[in-house]
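What follows is a single structure, written as structure tokens, with notes after it.
By convention here, the first residue in the shown sequence is residue 1.
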Amino acid sequence: MRVLFAADGWDHWAPAIRAACPEAELLQSAPDDSVDAIIYAPNGPGCDFAAYPSARLVQSLWAGVERIAPDPSLTQPLARMVDPGLEQGMREYCAGWVLRLHLGMDSYAQDGIWRNAVVPPLAQQRRVTVLGAGALGQAVALALKDLGFDVVSWSASGRGAPGVPALAGRDLPQALARAEILLLLLPDTAETRGLLNAETMALLPQGAAIINPGRGTLIEDTALLAALDRGHISQAILDVFQTEPLPPEHPFWSHPGVVVTPHIASETRVETAATVVAENLRRVMRDQPPLHLVDRAKGY
Ligand code: NDP
């Protein structure tokens, strides 16, 4: 089986994929079209998918496929990355920020004041909503449930993680109205762009906090800044932005209610993801349908 690797990080990926799938002949360039599968990420040398009509799979190394799915040269089945290491990283990022916001950890300054009048809240008293119940949304919702949070998830279909109450598409107002802490783990699609705007943000409870490790396009920046200025939103932890890197002059950098993290919430981990790639390559070899196929019409 000939597999074209068209992504950044050959030195890390090649040994790991070869170890996980010795049957695959991994190539950095393929002069003819006799390629059975393509491993791809937009950070690599690029790829004209139309040059490889015999390829039966394009395996993305990234979970978000908004920069791949619309490519007009791509006619082959596209699989997104679902990686246990990526999920673990996202669990840790989200649980860390939810706990910090929930416990008000930033209110304890080194200023000599003994602030012991507040009984710290328990997780079960904190209502959290996770928008998106895919691989990452479910992993995060389960981790928060295990910590004791009163967590609900929301997705188009209403699917959710076992034991976590799940709301569907038209229940968005209900999902927002309860969210003292709101997490966004939705993909960037035509349907989700601007989902969090002035109208929908107004449905959140007074003082709600937002954590967005999904995509920058999910939020209308000016509406968020206005809601922060009014105090309707107390804090926004933002990992992803309409333009990345976030331009130095963007008001998010200086707003006291915003924390900017530079798209580091989680990463595909070579150690665990190589096994996932290997499984899909083997499926192609056996003429079985690959796992985690993208619905190109939906865009995720
Ligand atoms: P999945 O494709 O597994 O899940 C997507 C979820 O979003 C599904 O539950 C889906 O609903 C829901 N959804 C999609 N469109 C809508 C809509 N219009 N209305 C309501 N729900 C919708 O994706 P992952 O969980 O793997 O990843 C989510 C996103 O996280 C990625 O697309 C990427 O943008 C982001 N990401 C960010 C990283 C970072 O470091 N900041 C790292 C990796 C990913 P349904 O279940 O009904 O289909």
More than 12 heavy atoms of other residues, nucleotides or ligands under 6.0 Å from CD of E267: is that the case?
no
May I ask you to test the D36-M285 pair for a side-chain heavy-atom distance under 4.5 Å?
no
How about R215 and P187: do any of their side-chain heavy atoms sit closer than 4.5 Å?
no
For H292, ring-ring contact (aromatic ring centres under 6.0 Å, His included) partners two or more places apart
none
Is any side-chain heavy atom of L172 closer than 4.5 Å to one of L131?
yes
Go through the steps for L218 and L196 under the test side-chain contact (heavy atoms from CB on, under 4.5 Å), then give the verdict.
CA-CA 6 Å; L218 301 173; L196 220 53; 5.7 Å; no
Distance-only polar pair, side chains of D83 and T272, donor-acceptor under 3.5 Å
yes
Not counting sequence neighbours, which residues clear ring-ring contact (aromatic ring centres under 6.0 Å, His included) with F252? List them please.
H250
Side chain to side chain contact (heavy atoms under 4.5 Å, CB included) with C21: which of L281, N280, V3?
L281
Does atom CZ (R170) have a neighbourhood of more than 12 heavy atoms from anything else shown, all under 6.0 Å?
no
Under the ring-ring contact (aromatic ring centres under 6.0 Å, His included) test, residues paired with W10 that sit two or more places apart:
F5
Assess the residue pair I237 and Y93 against the criterion (side-chain contact (heavy atoms from CB on, under 4.5 Å)); give the C-alpha distance rounded to whole Å, side-chain angles, the decisive distance to 0.1 Å, and a yes or no.
CA-CA 11 Å; I237 313 301; Y93 178 93; 3.7 Å; yes
For Y52, the ring-ring contact (aromatic ring centres under 6.0 Å, His included) test, sequence neighbours excluded, returns none
Check for a donor-acceptor pair, side chain of S153 on one end and backbone N or O of V130 on the other, with a separation under 3.5 Å.
no
To the nearest 0.5 Å, what is the distance between CZ (R100) and CD1 (I211)?
10.5 Å
Pair D32-R2, salt bridge (charged side-chain N to carboxylate O under 4.0 Å, His left out): steps then yes or no
CA-CA 11 Å; D32 55 47; R2 285 161 61 89; 3.4 Å; yes
Check this for me, if you would: do R178 and D150 make a salt bridge, where the nitrogen-to-carboxylate-oxygen distance has to be below 4.0 angstrom?
yes
Result block: side-chain N/O donor-acceptor pairs under 3.5 angstrom for residues 242-249, not counting sequence neighbours:
{"unit_1": "Q242", "atom_1": "NE2", "unit_2": "I219", "atom_2": "O", "d": "2.8"}
{"unit_1": "E244", "atom_1": "OE1", "unit_2": "H263", "atom_2": "ND1", "d": "2.7"}
{"unit_1": "E244", "atom_1": "OE2", "unit_2": "F241", "atom_2": "N", "d": "2.8"}
{"unit_1": "E244", "atom_1": "OE2", "unit_2": "H263", "atom_2": "ND1", "d": "3.3"}

Polar side-chain atom of S73 near backbone of D48 as donor-acceptor pair, under 3.5 Å:
no
State whether the side chain of Q206 and the backbone N or O of G231 hold a donor-acceptor pair below 3.5 Å, judged by distance alone.
yes
Tell me, do L99 and F149 make a side-chain contact under 4.5 Å, heavy atoms counted?
yes
D71 side chain to I68 backbone, donor-acceptor under 3.5 Å:
no
Shortest non-hydrogen pair, D229 vs H255, comes out as OD1-NE2, 2.8 Å
If you measure from NZ on K298 to OG1 on T192, what distance do you get to the nearest 0.5 Å?
13.0 Å
Among residues at least two apart in sequence or on other chains, which ones pass side chain to side chain donor-acceptor pair (under 3.5 Å) with T217?
D188
Side-chain heavy atoms of I39 within contact of V277, under 4.5 Å
yes
